[in-house]
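Reading through the structure tokens given below for one structure.
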Amino acid sequence: YGTSWMVDPPSSKMQDGILTFFLDATASGLIPTENKTIAIISEDSDWGKSVRNAWVNVIEDNDWKVVVDEVVSSGEADFYSILQNVKKQDPDIIKIEFTSVTSGAALVKQIDELGMNGYIVFGGYYMKQSEFYGLVGNLANYHLNILESVDKTFEDNLLSKYSNASPTTAVWSYDAIHIAAEAYARAKSLDKAAVNIAIGETDYEGALMRTVFDEKDHFTISGEGYKYYGAAQYFDGSFTTIFPYDTAKSEFKLTPDWVK
């Protein structure tokens with residue numbers, strides 16, 4: 001572990017931006033709420049548990065009530081009974097967190113089948129899988145998720161050469177290679193200990209925001225001015241940034257099916 005470095009923050013910290021948006025938008029009325037209630041459906045994985053806990057900690061500290069809290073196996077594809085309970089509880093918000101695109105696509109389809117497209121849905125990692133749009137088409141339009149801020153020049157250059165590439169996937173390796181190269185240059189050596197020390201001294205402004213490592217856990221530091229994930233809304237297979245407001249490309253749009 002002492003020689004492992006993560007160019008991303010912990011998964012719980014990746015939620016900071018979207019949770020800030022969630023609290024601000026619900027408090028201001030941008031996202032309408034009645035009872036400050038939420039249904040959470042998450043995957044039984046380290047990622048799913050970490051994200052679920054981040055949401056529960058913040059929402060309970062802000063007087064929200066979790067009315068459904070379901071944890072399912074990765075790859076689960078039958079959510080009808082869970083969704084029937086969600087309909088019965090009628091929460092203001094639904095939060096989903098899976099890494100499995102199979103689970104995510106199945107749940108989105110079943111939300112549509114059960115006539116639940118009026119709910120405001122905060123989705124999860126599954127939405128970023130390249131197969132997702134092909135599986136659900138426009139059924140996930142208006143859903144929300146976290147979004148990393150990728151440098152526009154990097155994105156344009158990548159897509160001009162590889163039109164089917166995913167900038168938000170490729171950027172991690174791109175920055176990691178540059179971080180390693182700079183560390184070797186600072187170390188002026190191939191000695192493992194020297195290179196490891198040099199990596200720990202990283203302060204790199206790359207295609208994916210700024211990378212500075214936390215010396216305690218070796219994750220990159222998160223927060224404004226470092227790695228800070230905003231909120232985005234999903235339309236026709238792509239995300240549009242809606243938060244932070246000063247760099248947003250669009251405003252939050254309420255699903256036309258919303259009824260309360």
Side-chain angles (χ1 to χ4, degrees), residues 7-9 11 13-33 51 54-55 58 93-97 101 104 108 117-134 136-175 205-211 220 222-258:
V7 294
D8 54 346
S11 53
K13 290 293 185 182
M14 293 181 186
Q15 305 299 310
D16 288 353
I18 200 165
L19 281 166
T20 299
F21 169 75
F22 167 80
L23 293 175
D24 179 80
T26 53
S28 68
L30 179 63
I31 293 179
T33 61
V51 173
W55 275 74
V58 168
I93 304 291
I94 299 174
K95 167 59 186 166
I96 305 165
E97 193 57 57
V101 70
V108 168
N117 288 327
Y119 283 95
I120 297 165
V121 177
F122 285 77
Y125 186 87
Y126 61 89
M127 296 179 70
K128 296 189 176 185
Q129 307 281 23
S130 58
E131 316 97 287
F132 180 67
Y133 182 69
V136 303
N138 295 333
L139 295 181
N141 280 3
Y142 297 94
H143 291 196
L144 299 108
N145 202 356
I146 63 172
L147 187 69
E148 50 272 79
S149 177
V150 178
D151 179 75
K152 188 67 166 57
T153 300
F154 167 81
E155 187 173 345
D156 290 344
N157 288 342
L158 177 70
L159 293 176
S160 69
K161 295 179 181 178
Y162 310 101
S163 59
N164 293 324
S166 168
T168 56
T169 300
V171 72
W172 296 98
S173 298
Y174 179 86
D175 269 10
E205 189 77 41
L208 185 62
M209 301 173 279
R210 181 184 175 199
T211 299
T220 189
S222 63
E224 293 190 51
Y226 296 94
K227 287 266 173 50
Y228 189 67
Y229 291 69
Q233 204 162 13
Y234 192 79
F235 293 101
D236 303 327
S238 61
F239 291 99
T240 302
T241 306
I242 58 172
F243 182 86
Y245 299 123
D246 59 348
T247 57
K249 295 179 180 178
S250 181
E251 296 180 349
F252 168 76
K253 295 180 176 64
L254 192 64
T255 169
D257 296 314
W258 183 85

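Numbers here are sequence positions counted from 1.
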Donor-acceptor check, side chain of [X] to backbone of [Y], threshold 3.5 angstrom: yes or no?
X	Y	value
S160	N157	yes
Q233	K253	yes
K227	V7	yes
N117	D257	no

Between [X] and [Y], what is the shortest heavy-atom contact and its length?
X	Y	answer
L254	P32	CD1-CD, 3.9 Å
G123	N145	O-OD1, 3.5 Å
A207	D175	N-OD1, 3.0 Å
R210	G225	CD-O, 3.2 Å
T220	D8	CG2-C, 3.2 Å
F132	V108	CZ-CG2, 4.0 Å

Set of residues satisfying ring-ring contact (aromatic ring centres under 6.0 Å, His included) with respect to [X], sequence neighbours excluded:
X	answer
Y133	none
Y226	none
F235	Y142
Y174	F154, H178

How would you list, by chain and number, every residue that makes a side-chain hydrogen bond (donor to acceptor under 3.5 Å, both in side chains) with S11, sequence neighbours excluded? S50

Can you list the residues that meet the side-chain hydrogen bond (donor to acceptor under 3.5 Å, both in side chains) rule with N141, with sequence neighbours excluded? D236

Just grab all the salt bridge (charged side-chain N to carboxylate O under 4.0 Å, His left out) pairs involving residues 140-160, residues at least two apart or on different chains. K128-E148, K152-D156

Gap separating the [atom1] atom of [X] from the [atom2] atom of [Y], nearest 0.5 angstrom:
X	Y	atom1	atom2	result
F239	L144	CZ	CG	9.5 Å
M209	Y229	CE	OH	5.0 Å
H143	I120	NE2	CD1	10.5 Å

Residues which pass side chain to side chain contact (heavy atoms under 4.5 Å, CB included) with [X], listed by chain and number, not counting sequence neighbours:
X	value
S166	T168, T169
E251	none
D246	P244

Heavy-atom neighbours of Y234 OH exceed 12 at 6.0 Å: yes

Which side-chain N or O atoms in residues 16-31 pair as donor and acceptor under 3.5 Å with protein atoms at least two apart or in another chain?
| unit_1 | atom_1 | unit_2 | atom_2 | d |
| --- | --- | --- | --- | --- |
| T20 | OG1 | D16 | O | 2.8 |
| D24 | OD2 | Y245 | OH | 2.6 |
| T26 | OG1 | F22 | O | 2.7 |
| T26 | OG1 | L23 | O | 3.2 |
| S28 | OG | D24 | O | 3.1 |
| S28 | OG | A25 | O | 3.3 |
| S28 | OG | L30 | N | 3.3 |

My understanding is that only residues two or more places apart in sequence, or in another chain, count here; which of them pass salt bridge (Lys or Arg N to Asp or Glu O under 4.0 Å) with K95? E97

